[in-house]
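Worksheet: one structure, shown below.
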Protein chains: 2
Amino acid sequence: MSPSMSPSKSEPRAFLDIGHDHSHCVADALGRAEALCAVRGARLTKLRRRVFELIWASHAPVGAYDVLRRLSEEHAPAAPPTVYRAIEFLLEQGLIHRIESLNAFVGCCDPAEEQHSGQFLICESCGNVVELLDPKISKAIEESARRAGFAVTGSTVEVRGICPGCQNGGCKSGGPRNGRASRG
Amino acid sequence: MSPSMSPSKSEPRAFLDIGHDHSHCVADALGRAEALCAVRGARLTKLRRRVFELIWASHAPVGAYDVLRRLSEEHAPAAPPTVYRAIEFLLEQGLIHRIESLNAFVGCCDPAEEQHSGQFLICESCGNVVELLDPKISKAIEESARRAGFAVTGSTVEVRGICPGCQNGGCKSGGPRNGRASRG
DNA sequence: GATGAAATGTTATAGTATTACATTTCTAGA
DNA sequence: TCTAGAAATGTAATACTATAACATTTCATC
Ligand SMILES: [Zn+2]
Ligand SMILES: [Zn+2]
Ligand SMILES: [Zn+2]
Ligand SMILES: [Zn+2]
């Protein structure tokens, strides 16, 4: 049982359940990753799996050097290329996304969904991020690009703001990552 | 007369006119900036103006250290805080935008338009960027965020692809800035 | 077990951004 | 005009993010 009410499967949850059992998120994500890599013949090695887990450690984006530090604590000291190569693999496989405005990475909520653009709601208070897969946003972007004669290869939507939990006073998560203030 | 056909004022231009007289863009932008700062009582100092001009030097985003190099050529050698502070001012005034996926900056095409989200088409071939101000994209994002109970403070839309000129074979501009390959 | 390809280790360096403190310049009020 | 005080700029050091180049190990296949 989840400590807070879970939304039904048929409608999108409002944001992250506060106090949800995150180990389920990680386990589920790992299961999906294993399955996808198996199908594709991609090698989810021990190192890559560990980096994946560290990035999935929370719903807040994780920086490459955070991963590096954790890795160095567990094993012998690691160097940047170790983690950047793992991240590169995970990005190529669509298992994680890069949050451009934070120089950090989050697990993908639906890696089986092919080639989706990244759409993210980023809470400036608790640092948590949820991924959207909203066809209306994609459509609006595609339409606008088409009018300009622009051939789209990919896009990123990063929305800053305050999540419902923080509006009410209560996300306990670690707080936000750096991030620049911005006018719009 | 422009060497390539100009679109009418009433419909949005397709992309940048190839071979347009860019000095006009810069002059116009500088005029708008002066006027806005005057109205607001913001101090567009000599240094800030020069940084603004250097960022407006092309339609491709310019990195802070590019600005720094130019500045150092003109005056005595400058240090990073000099340019970052000027950039901070220009961002606050909405005179330029940050392109998150490139760690670089472009002039805003319509700084009088208050608090608009950044929406950009970024050509991966020539490096040029055009800014969109598409209410449909904004609306779709706002609607999606509202459904999630998320209070938006700002957003960035960065669309990668190939501009019409490059599709036809011919933007002569300097080529793209670094930028990471991406799945979506 | 030999072989080549893929993955990882290691060292060095490039590129981006901020902190902290000193100095200069500008603005307002006396 | 003179003079605080604020704003802007100068300067030095450092932190954070990312990649290049080359060595070594691991893995799949023959
Ligand atoms: Zn995703
Ligand atoms: Zn929050
Ligand atoms: Zn703008
Ligand atoms: Zn182009």
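Everything numeric in this text was worked out from a predicted model, so none of it was measured. Just so we're on the same page: letters track the sequence lines, and every chain starts at 1.
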Side chain to side chain donor-acceptor pair (under 3.5 Å) against Ser138(B), all qualifying residues, sequence neighbours excluded: Gln119(B)
Distance in angstrom units between Leu68(B) CG and dT11(D) P, rounded: 13 Å
With B for base contact, S for sugar-phosphate-only contact and - for none (protein heavy atoms under 4.0 Å), nucleotides 12-29 of chain D reads B----BBBB------S--
Does Thr45(B) place a side-chain N or O at less than 4.0 Å from the phosphate oxygens OP1/OP2 of dT25(C)? no
Parallel, tilted or perpendicular: rings of His59(A) and His20(A) (30°, 60°): tilted
Of all heavy-atom pairs between Ala112(A) and Leu36(A), which one has the smallest distance, and what is that distance? N-CD1, 3.9 Å
For Leu47(A) and dT10(C), give me the distance from atom CG to atom P, rounded to whole Å. 12 Å
Arg50(B) atom CZ is separated from dT9(D) atom P, nearest whole Å, by 15 Å
Please report the end-to-end axis angle for the helix from dG1(C)-dC30(D) to dA30(C)-dT1(D), five pairs per end, rounded to 10 degrees. 30°
Atom CZ of Phe89(B) and atom C1' of dT9(D): how far apart are they, to the nearest Å? 14 Å
Answer yes or no: does a side-chain N or O of Thr82(A) lie under 4.0 Å from OP1 or OP2 of dG9(C)? yes
Residue set satisfying side chain to side chain donor-acceptor pair (under 3.5 Å) with Arg85(A), at least two apart, ordered chain then number -> none
Those residues at least two apart in sequence (or on a different chain) that pass salt bridge (charged side-chain N to carboxylate O under 4.0 Å, His left out) with Glu143(A) are Arg146(A), Arg147(A)
Treating Arg40(A) as the side-chain partner and Gln93(A) as the backbone partner, does any N or O pair qualify as donor plus acceptor under 3.5 Å? yes
When the distance from CD1 of Ile87(B) to P of dA8(D) is rounded to whole Å, what number comes out? 16 Å
Would you kindly give the NE2-to-P distance between His75(A) and dG9(C), to the nearest whole Å? 9 Å
Does the distance from a Lys or Arg side-chain N to an Asp or Glu carboxylate O, for Arg48(A) and Glu92(A), drop under 4.0 Å? no
Output all residues satisfying salt bridge (charged side-chain N to carboxylate O under 4.0 Å, His left out) with Arg70(B), sequence neighbours left out; order by chain, then residue number. none
Are Arg98(B) and Glu100(B) ion-paired here, with the side-chain N under 4.0 Å from a carboxylate O? yes
Interatomic distance, Glu88(B) CD vs dT16(C) P [rounded to whole Å]: 19 Å
Leu44(A) CG to dT8(C) C1', in whole Å, measures 15 Å
